[in-house]
Amino acid sequence: MPLALLALAIGAFGIGTTEFVTSGLLPEVADEFGVSIPTAGYLTTGYALGVVVGAPILAILGGRVPRKRMLMALMGLFVAGNALSAAAPVFALMLAGRIVASLAHGAFFGIGAIVAAGLVAPQKKAGAIAMMFTGLTVANVVGVPAGTLIGQSAGWRITFFLIAGLGVLAVLGIAALVPEQPRPERTRVSGELAAFRNPQVLLAMAMTVLGFGGVFTMSTYITPMMTDVTGYAPSSVTWLLVLFGLGLVGGNLIGGKYADRALMPMLCTALGGLAVMLALLPLTAHDKVAAAITIPLIGAFGFATVPPLQKRVLDQTADAPTLASAVNIGAFNLGNAIAAWLGGLVISAGFGYTAPNWVGALMAASALLLALLSARLERRTERGGRVLAAGPAPVAAEPEAVPAGH
């Protein structure tokens with residue numbers, strides 16, 4: 001794999017840290033600003049919605065900008081947003097900073113996935129995308145636990161200032177390691193939008209919303225669930241987040257490897273496993289050992305869906321991939337926003353901190369049904385294509401009439 005993928009992974013590491021670190025710091029943020037845990041959860045929802053909005057807008061605005069330069073500009077926006085969150089005197093300004101940082105998220109991963117896939121041979125595209133996303137998953141092993149630990153001991157503001165520093169490091173890494181990218185060919189917005197008329201693209205994005213969104217029903221409220229239900233001390237949440245992150249890393253690498261071999265079987269297996277693990281967590285959350293086993297498995301099955309889904313969108317939009325690739329990243333975060341919101345609803349309704357996992361299980365199971373439908377439509381299209389390629393069956397010639405008397 002090219003060294004340039006390391007630069008993309010550095011940016012992904014910074015983005016992954018800021019996206020997920022709020023899960024471990026919700027109680028500290030809620031206490032300082034005097035808001036409830038579900039209200040503090042809007043930091044996750046707001047970030048996710050910012051990704052959904054920012055992904056298509058910045059992908060279109062940056063359509064004529066060389067991709068390397070665009071990636072650096074996006075990381076600059078990321079730095080500004082995290083610095084604002086770190087210095088915010090009131091909850092509303094912290095939420096605004098989260099939204100500013102999130103605007104860069106979708107376009108960065110969308111454009112970065114195109115760059116990563118273009119650096120390798122066609123049969124290694126999913127693996128290259130997975131390598132870039134490794135930065136996001138490693139963030140959950142190193143960045144998020146470290147940020148949680150620092151936030152709990154030295155204050156959550158220090159965590160966000162350090163994340164802004166990661167963004168600066170990412171800009172320098174991209175400048176040094178990513179090769180100069182040619183200016184993208186002029187593609188009309190209508191051409192980019194035409195990709196969304198493909199039913200397979202829409203199905204892939206719906207699977208993205210429902211599949212990885214299910215993971216966020218667990219991860220958003222993991223801290224209160226593990227402390228209030230399972231009985232872990234707040235300091236132990238750091239190590240549970242490490243386990244979750246290790247699951248993400250393993251799932252990402254496995255998903256990237258096998259998606260290059262058998263994309264749809266890999267995707268269906270991951271979604272099925274995710275639905276089962278989420279349905280089990282309300283039961284295993286009452287035992288420390290069982291919970292510590294279930295949580296990384298949710299991470300593994302959840303992130304195993306990411307490389308195949310992103311590659312599927314790129315495969316289906318080869319002529320105009322920029323907007324669709326960025327929008328699919330936004331779809332991940334739309335699912336995250338819906339999951340965090342629904343999780344807050346069931347908690348506020350009095351069903352307890354384990355109830356969001358049932359919501360996540362239903363979301364993952366729905367994504368599996370869509371994957372099976374997508375595979376069936378693909379097989380039907382392939383059969384139709386083979387019939388057309390073969391052409392009409394030859395018509396047997398009629399025998400010539402034999403004159404009477406012969």
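Throughout, residue positions are numbered sequentially from 1 according to the sequence presented. These values consider heavy atoms only, across backbone and side chains, with no hydrogens, waters or symmetry-generated copies.
- Taking the side chain as every heavy atom from C-beta outward, F13 and V142 approach each other to under 4.5 Å.
- Taking the six-membered ring for Trp and the full ring otherwise, W341 and F216 have centroids separated by 6.0 Å or more.
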Check the pair F244 / V215 against side-chain contact (heavy atoms from CB on, under 4.5 Å), numbers first and verdict last. CA-CA 11 Å; F244 177 63; V215 177; 3.8 Å; yes
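- Distance CG/L74 to CD1/I111: 5.5 Å, rounded to 0.5 Å.
- By the 4.5 Å heavy-atom criterion applied to side chains, L373 and L369 are not counted as neighbours.
- Of the possible polar contacts, one joining the S366 side chain to the L362 backbone as a donor-acceptor pair under 3.5 Å is found.
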Would you please test L203 and L370 for side-chain contact (heavy atoms from CB on, under 4.5 Å) and show each step? CA-CA 7 Å; L203 282 170; L370 292 181; 4.1 Å; yes
Run the side-chain contact (heavy atoms from CB on, under 4.5 Å) test on R157 and E32 for me, step by step, so that the C-alpha distance in whole Å, both residues' side-chain angles and the decisive distance to 0.1 Å come before the verdict. CA-CA 11 Å; R157 294 181 187 276; E32 175 159 343; 2.8 Å; yes
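- The heavy-atom pair separating G352 from I347 by the smallest distance is O-CG1, 3.6 Å.
- The salt bridge (charged side-chain N to carboxylate O under 4.0 Å, His left out) contacts involving residues 234-263 comprise nothing, where partners must be two or more places apart or lie in separate chains.
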Step by step, work out the side-chain contact (heavy atoms from CB on, under 4.5 Å) result for L95 and F33. CA-CA 12 Å; L95 180 59; F33 290 121; over 6 Å; no
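- Of the possible polar contacts, one joining the K68 side chain to the A175 backbone as a donor-acceptor pair under 3.5 Å is found.
- The shortest side-chain heavy-atom distance between V168 and M75 does not fall under the 4.5 Å cut-off.
- At a threshold of 4.5 Å between non-hydrogen side-chain atoms, the residues T223 and P27 count as touching.
- V51 approaches G106 most closely through the heavy-atom pair CG1-N, 3.7 Å.
- T284 has its side chain out of reach of V289: every pair of non-hydrogen atoms, C-beta onward, lies at least 4.5 Å apart.
- Distance CD/Q310 to CG/N328: 4.5 Å, rounded to 0.5 Å.
- Looking at N252, its side chain does come within 3.5 Å of a backbone N or O of A130 through a donor-acceptor pair.
- One finds the CG atom of L274 at 10.5 Å from the CG atom of L297 (value rounded to the nearest 0.5 Å).
- Annotation for T354 and P282: closest pair O-CG, 3.8 Å, computed over non-hydrogen atoms.
- More than 12 heavy atoms of other residues, nucleotides or ligands lie within 6.0 Å of CZ in F196, so this atom counts as buried by the packing criterion.
- Of all heavy-atom pairs between A304 and A270, the closest is CB-CB, 3.8 Å.
- Looking at R98 and E19, no side-chain N of the basic residue comes within less than 4.0 Å of a carboxylate O on the acidic one, giving no salt bridge.
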Would R312 and E378 count as a salt bridge (charged side-chain N to carboxylate O under 4.0 Å, His left out) here? Give the steps. CA-CA 12 Å; R312 187 157 181 82; E378 188 172 53; 3.3 Å; yes
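- Formation of a donor-acceptor pair under 3.5 Å by the T217 side chain with backbone atoms of A339 is not found in this model.
- When every heavy atom of A4 is checked against every heavy atom of L177, the shortest pair comes out as CB-O, 3.6 Å.
- Between the T159 side chain and the G147 main chain, a donor and an acceptor come within less than 3.5 Å of each other.
- Aromatic rings of Y42 and F91 (six-membered ring for Trp) have centroids beyond the 6.0 Å cut-off, not under it.
- Using modelled atom types and a 3.5 Å distance limit, the side chains of T134 and T137 yield no donor-acceptor pair.
- Remark: side-chain polar atoms of T39 are not paired, donor with acceptor, to backbone N or O of V35 under 3.5 angstrom.
- The backbone N or O of M225 sits nowhere less than 3.5 Å from a side-chain atom of D228 that would complete a donor-acceptor pair.
- Minimum interatomic distance between L281 and M218 (heavy atoms only, all atoms of both residues): CD2-CG, 3.3 Å.
- The distance from atom CG of L271 to atom CG of L309, rounded to the nearest 0.5 Å, is 7.0 Å.
- One finds the CE atom of M207 at 10.5 Å from the CZ atom of F332 (value rounded to the nearest 0.5 Å).
- Side-chain contact, T220 with T44: no donor N or O sits under 3.5 Å from an acceptor N or O.
- With a 4.5 Å cut-off on side-chain heavy atoms, P356 and L342 do not count as touching.
- Proximity of a side-chain donor or acceptor of E28 to a complementary backbone N or O of G155 within less than 3.5 Å is not detected.
- Here the side chain of Y353 pairs no donor or acceptor atom with the backbone of Y221 at under 3.5 angstrom.
- Remark: aromatic rings of H105 and Y47 are close, center separation under 6.0 Å.
- The shortest side-chain heavy-atom distance between F78 and V100 does not fall under the 4.5 Å cut-off.
- Taking a 6.0 Å sphere around OH of Y258, one finds it holds 12 or fewer heavy atoms contributed by other residues, nucleotides or ligands.
- Atom CE of M363 is separated from atom CG of N357 by 12.0 Å, given to the nearest 0.5 angstrom.
- Panel note: side chain S102, backbone I99; a donor-acceptor pair is recorded below 3.5 Å.
- Counting heavy atoms from C-beta on, the side chains of P296 and L246 never come closer than 4.5 Å.
- If you look at F109 and F133, their ring centroids are closer than 6.0 Å.
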